[in-house]
There are 2 protein chains.
Amino acid sequence: MLSFPLLRHAVNVPQPTSTPPVTGARTSDPDASTVERLLQAAAHAFADKGFHATTTRDIASGAGLSPAGVYVHFGSKEELLFALSRSGHESALRLLRAAISDGSTPGEQLVAAMARFTEWHVEQYQVARVVQYEHHHLTPEHHAEVLALRKEMDSLVRDVLDRGVADGTFSVDDSADTALALLSIVVDVARWYSPTIRRTPTEIGATNAALALRLVGAGH
Amino acid sequence: MLSFPLLRHAVNVPQPTSTPPVTGARTSDPDASTVERLLQAAAHAFADKGFHATTTRDIASGAGLSPAGVYVHFGSKEELLFALSRSGHESALRLLRAAISDGSTPGEQLVAAMARFTEWHVEQYQVARVVQYEHHHLTPEHHAEVLALRKEMDSLVRDVLDRGVADGTFSVDDSADTALALLSIVVDVARWYSPTIRRTPTEIGATNAALALRLVGAGH
DNA sequence: CCTACCGATCGGTAGG
DNA sequence: CCTACCGATCGGTAGG
């Protein structure tokens with residue numbers, strides 16, 4: 001299991017100092033494993049230019065490798081996208097599940113899910129962009145695998161809404177429509193966010209959590 | 001001024017019958033002008049595969065032209081994207097302004113803006129996808145021109161919110177954050193919508209308008 | 001608006 | 001994991 005999408009943790013690990021200095025266009029952490037560097041460089045490039053506009057040479061040089069270096073670790077450019085997309089979806093799903101299990105009421109669960117999922121979209125906005133906007137470029141088989149994970153995210157949110165309606169804390173017209181709108185607010189962060197924006201992940205997460213409570217009629 | 005982004009109107013115009021039958025991969029209305037057919041074919045292809053994955057040959061054949069036919073009307077692939085993106089932004093802006101001027105109260109204006117802008121994203125989802133997700137591929141000069149139009153859309157929505165707060169019908173914590181969330185709900189339609197979805201544009205528009213009222217504390 | 005074409009680039013492979 | 005390379009494709013142009 002790749003730890004890559006949760007770089008916040010990896011960054012706090014003690015750093016070996018035996019690595020040669022970074023040269024050229026390398027954009028990824030020189031202390032990470034080669035596969036992790038490739039995934040990081042791919043996330044960077046795919047988020048910035050999109051899958052098709054990114055060349056395997058961009059990714060290779062971003063990871064500090066020769067043009068053919070990608071093919072030592074991945075069979076094709078699409079397989080690299082798949083590895084990145086799948087691990088990104090799995091991280092997001094774990095995060096959502098953890099946030100929901102932290103809350104003891106539907107209101108707390110909704111707030112935790114919106115805040116933490118939003119924070120992830122900000123902190124991992126390059127991975128999030130690939131997760132949300134590049135999965136169409138996968139092969140049909142790989143796409144199907146990722147779509148199953150996406151449906152699971154949707155269900156998790158809808159289930160929180162249904163529990164809140166059942167216990168009377170939420171009031172929504174249609175839980176599927178409302179879940180989609182909640183996810184729209186979060187997913188769209190990956191579109192508009194840029195590192196030049198001053199607001200912190202926590203602030204953006206708190207804003208989206210408050211908006212979510214309004215949307216389910218529990219905003220006061 | 002191109003009428004292209006409002007095809008609903010063009011389709012109701014009487015059709016001349018002197019046009020030769022459609023052959024090959026043509027995807028656009030054979031009765032439209034060549035420039036309009038190129039813009040239609042480009043919207044189709046850019047929305048489906050993205051700017052970089054689309055070849056000028058895809059667009060040319062979609063419009064019923066030879067591979068070099070694009071360059072009779074546009075200097076480059078990017079100029080074609082710019083023409084499409086600009087006319088799409090202008091249509092969207094006109095639509096938003098018209099919807100807002102139709103309402104006499106902030107509540108009516110918000111409902112009209114959300115419903116009609118959402119309907120546009122559904123009915124013109126290919127143009128909307130290009131408008132919302134492909135503008136990064138423009139040259140810096142063209143990008144700046146389009147960003148000005150995007151800021152104007154944002155201001156229109158924020159102004160409705162501010163008027164509703166001023167007259168006491170809305171209650172929002174921060175009008176900029178709330179305007180962004182409202183636009184997220186609309187823009188995200190271009191991501192998730194597909195023609196296989198059964199709900200009509202009117203239904204989706206009404207749903208988003210109702211969600212918007214909840215978000216501004218006027219949902220009951 | 002088309003045919004024919006060019007230079008550049010790209011994904012991927014051979015063979016160390 | 002690299003050097004060297006190949007076949008295919010692409011954006012764009014010449015010259016009708």
Side-chain angles (χ1 to χ4, degrees), chain A residues 18-42 45-46 48-85 134 137-139 142, chain B residues 18-26 28-42 44-46 48-85 134 137-139 142:
Chain A
S18 57
T19 318
V22 178
T23 57
R26 188 184 289 195
T27 56
S28 57
D29 180 356
D31 293 321
S33 76
T34 305
V35 167
E36 281 175 343
R37 275 176 11 239
L38 281 166
L39 289 169
Q40 255 186 276
F46 290 159
D48 189 46
K49 311 198 282 184
F51 176 71
H52 269 101
T54 297
T55 70
T56 55
R57 284 157 175 84
D58 291 335
I59 299 166
S61 75
L65 299 180
S66 76
V70 170
Y71 297 93
V72 176
H73 302 278
F74 296 95
S76 68
K77 188 177 148 187
E78 187 276 341
E79 275 189 23
L80 179 43
L81 173 64
F82 177 55
L84 181 58
S85 183
E134 301 299 320
H137 298 114
L138 294 169
T139 62
H142 290 163
Chain B
S18 56
T19 319
V22 177
T23 58
R26 189 185 289 194
S28 57
D29 179 358
D31 293 321
S33 76
T34 305
V35 166
E36 279 174 345
R37 271 169 23 231
L38 280 166
L39 290 169
Q40 256 186 276
H44 204 91
F46 290 160
D48 190 45
K49 312 199 281 186
F51 176 71
H52 268 100
T54 297
T55 69
T56 55
R57 285 158 175 82
D58 291 335
I59 298 166
S61 75
L65 299 180
S66 76
V70 171
Y71 297 94
V72 175
H73 301 278
F74 296 95
S76 69
K77 188 177 149 187
E78 188 275 341
E79 276 189 22
L80 180 43
L81 173 65
F82 177 54
L84 181 59
S85 184
E134 301 299 321
H137 298 115
L138 294 168
T139 63
H142 289 164

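Throughout, protein chains are lettered first and strands after them, A, B, ... in sequence-line order, and every chain is numbered starting at 1. What you see below is based on every heavy atom in this structure, not just the backbone, and it leaves out hydrogens, waters and symmetry mates.
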Visitor: Below 30° counts as parallel, above 60° as perpendicular, anything between as tilted: where do the rings of B/H52 and B/H137 land?
Guide: perpendicular

Visitor: Is there a side-chain contact between B/E134 and B/L84 (heavy atoms, below 4.5 Å)?
Guide: no

Visitor: Specify the closest pair of heavy atoms between A/L65 and A/R37, including all atoms of both residues, with the distance to one decimal.
Guide: CD2-NH2, 4.0 Å

Visitor: Taking the side chain of A/K77 as its heavy atoms from C-beta onward, which of D/dC1, C/dT3, C/dG11 lies nearest to it?
Guide: C/dG11

Visitor: Send over the distance from A/F74 CZ to D/dC1 C1', rounded to a whole Å.
Guide: 15 Å

Visitor: So which nucleotide does C/dG16 pair with, by the Watson-Crick or G-U wobble rule with both distances under 3.5 Å?
Guide: D/dC1

Visitor: Take the protein atom OH of B/Y71 and the nucleotide atom C1' of D/dG12, then report the distance between them rounded to whole Å.
Guide: 5 Å

Visitor: CG of B/L81 versus P of D/dG12: gap in Å, rounded?
Guide: 12 Å

Visitor: Could you give the CD-to-P distance, from B/E79 to D/dG11, as a whole number of Å?
Guide: 15 Å

Visitor: Within the structure shown, what part of the strands sits under 4.0 Å from B/S66 by heavy-atom distance: base, sugar-phosphate, or nothing?
Guide: base

Visitor: Mind calculating the distance between CG (A/L38) and P (D/dC2) to the nearest angstrom?
Guide: 10 Å

Visitor: Measure from the side-chain heavy atoms of A/A68 and tell me the nearest of D/dG11, C/dC1, D/dA4.
Guide: D/dA4

Visitor: What's B/H52 touching, base or sugar-phosphate or nothing? Going by heavy atoms closer than 4.0 Å.
Guide: nothing

Visitor: Expressed in angstrom and rounded to an integer, what is the separation of A/R26 atom CZ from D/dC1 atom P?
Guide: 11 Å

Visitor: Taking the side chain as every heavy atom from C-beta outward, state whether B/T56 and B/Y71 have any atom pair closer than 4.5 Å.
Guide: yes

Visitor: If I take atom CG in residue B/L65 and atom C1' in nucleotide D/dG12, what distance separates them, rounded to the nearest angstrom?
Guide: 16 Å

Visitor: Tell me which of A/G75 and A/A53 sits closer to the 5' end of DNA chain C, going by the nucleotide each one is nearest to.
Guide: A/A53

Visitor: Does a side-chain N or O from B/T55 land closer than 4.0 Å to OP1 or OP2 of D/dT9, or not?
Guide: no

Visitor: To the nearest Å, give me how far apart CD (B/E78) and P (D/dG11) are.
Guide: 13 Å

Visitor: Mind checking who C/dT9 pairs with, Watson-Crick or G-U wobble, both distances under 3.5 Å?
Guide: D/dA8

Visitor: OP1 or OP2 of D/dC1 less than 4.0 angstrom from a side-chain nitrogen or oxygen of A/T34, does that happen here?
Guide: yes

Visitor: How about A/E78 and A/T139: do any of their side-chain heavy atoms sit closer than 4.5 Å?
Guide: yes

